[in-house]
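Structure first, commentary second.
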Amino acid sequence: MKKLKVMSIFGTRPEAIKMAPLVKKLEEAEKIESIVCVTAQHREMLDMVLEIFDIKPDYDLNLMKHGQTISDITVRVLKGLEEVLIDAKPDVVLVHGDTSTTFVGALAAFYQKIKVGHVEAGLRSGNIYSPYPEEMNRRLAGTLANFHFAPTEGNYKNLIAAGISSDEIYITGNTVIDALLQVVKEDYRFEDDLLNQINYEEKRVLLMTCHRRENWGTPMENIFKAVKEVAEKNPEVEVIFPVHMNPSIRQLAQEILGGNEKIYLIEPMEYEAFANLISKVDIIITDSGGIQEEAPVFGKPILVVRTETERPEAVEAGTVKVVGVDKAEIVKEVNLLLTDQSAYDKMANAVNPYGDGKASERIVEVLLNYFASLN
Ligand code: UD1
Ligand code: UDP
């Protein structure tokens, strides 16, 4: 009997992490032929995830170029996927989230009249320039999609407000929780001994990441300077910063934070190590999307160095605070958590508004039901 051909298309680190558990479930489903196509919008950071989850792509467009612009990647993904889709002829394409690969993957599938499933659908900040270009990417992917896999009730409502028909929307939870639960272990030991040697009991350990395009320039300088000030003024503070591979971010991080013996500027961490590190540190400072979904599971206060978030669930739960990109404000908020135990405890709630680890299963079920209705 003919199987349903499902092609998962992804290209960056966060998409790979969040698609990996779904790819595994697709592979297990007898009635599905799972095909993986990576654009490799990211190269090293993508490969690290593929290795951890043991995913071997059927197609690898190998597109990353250093210093690529949004237009570069858009054009190359569109052209590269055309050939792949004509060759593989999937029944359904799955894209994830809000990157250039996501939007262009959905567009390329539409051009071939192939149905599109959008995983992590319905997130909205309300501002098309923040996050940039992700807010527009997710809106465009939503317009192109036939199946919308919304992590939360709030995401469902956003899709309804965007004019999507309710019978195309499925509330599934976020596949990031599926991924997280697979890699976190109580007795985890890091391969990088530096991370084993840090005294997590006695020190106040800050974990930071920063990469968003709208933060490039002055906002990112402010963020880095704020963290530097906090580290210099508080003897008990140590900072771990796995620096994104974007060359301009690496240069600025080196310029402002390099050479400080309490600030560890390290390479991007493999996912298993990073997820386990979240569970050990005291405070997280980030502009990342995915980390806002993961850290609440461990009850770690997260200061989001952005002016908005499309993840209001963890803000409502009290674990995430959006603190903006002003240096003095960031220093004030970190100091509050360092000095006021009740302020810290109030944010250190273990909550998980993003799912029960079964999002991938639900998505596969939707696809199988669709398949059954075709036969
Ligand atoms: C991209 C996504 C963003 C996502 C982020 C996750 C777009 C427009 N942006 O941003 O939505 O949040 O990924 O991290 O889709 N690089 C490497 N090796 C890697 C990865 C990146 O060297 O493994 C360097 C390259 O020089 C590359 C640059 O980083 O040109 C930027 O990568 P790109 O994917 O264009 O943008 P990101 O800022 O990573
Ligand atoms: N992450 C990782 N190694 C790191 C930093 C982050 O594996 O050194 C993971 C993190 O746990 C989360 C994802 O990468 O799942 C977030 O990716 P990123 O911040 O690049 O993108 P965003 O989520 O902002 O789109």
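Hydrogens, waters and symmetry mates play no part in the numbers below; they use all other heavy atoms, side chains included. As the structure lists them, so they are numbered: ligands from 1, and atoms in each ligand from 1. As the structure is a computational prediction, the values presented were derived from the model and not from experiment.
Under a 4.0 angstrom heavy-atom cut-off, Arg212 registers as being in contact with ligand 2. Ligand 2 has no atom lying under 4.0 Å from any heavy atom of Ala275.
Counting heavy atoms closer than 4.0 Å to ligand 1, residue Glu134 contributes side-chain atoms (C-beta onward) but none from N, CA, C or O. Within the 4.0 Å heavy-atom criterion, the part of Pro247 lying near ligand 1 is the side chain and not the backbone. With a 4.0 Å cut-off on non-hydrogen atoms, Pro268 does not touch ligand 1 at all. Proximity of His244 to ligand 1, defined as any heavy-atom pair under 4.0 Å, is confined to the side chain (atoms from C-beta onward). Contact annotation: for Pro14 versus ligand 1, heavy atoms closer than 4.0 Å belong to the side chain alone.
Contact detail for Lys3 and Asp91: the closest heavy-atom pair is O-OD2, 3.9 Å.
Between His211 and His244, the ring-plane angle classifies as parallel under the 30° and 60° cut-offs. Between Tyr188 and Phe190, the ring-plane angle classifies as perpendicular under the 30° and 60° cut-offs.
Remark: ligand 2 atoms within the under-4.0 Å shell around heavy atoms of Met269 are 2 (C), 3 (N), 4 (C), 7 (O), 8 (O).
Among the atoms of Arg43, some N or O lies under 3.5 angstrom from an N or O of ligand 1. Residue Ser288 has at least one N or O atom closer than 3.5 Å to an N or O atom of ligand 2.
The residue among Arg311, Glu294, Gln292 with a heavy atom at the shortest distance from atom 10 (C) of ligand 2 is Glu294.
At the top of the distance list for atom 31 (C) of ligand 1, counting protein heavy atoms only, stands Asn246 ND2, 3.4 Å.
Of the residues Ile240, Val239, Asp282, the one that meets the side-chain contact (heavy atoms from CB on, under 4.5 Å) test with Leu206 is Val239.
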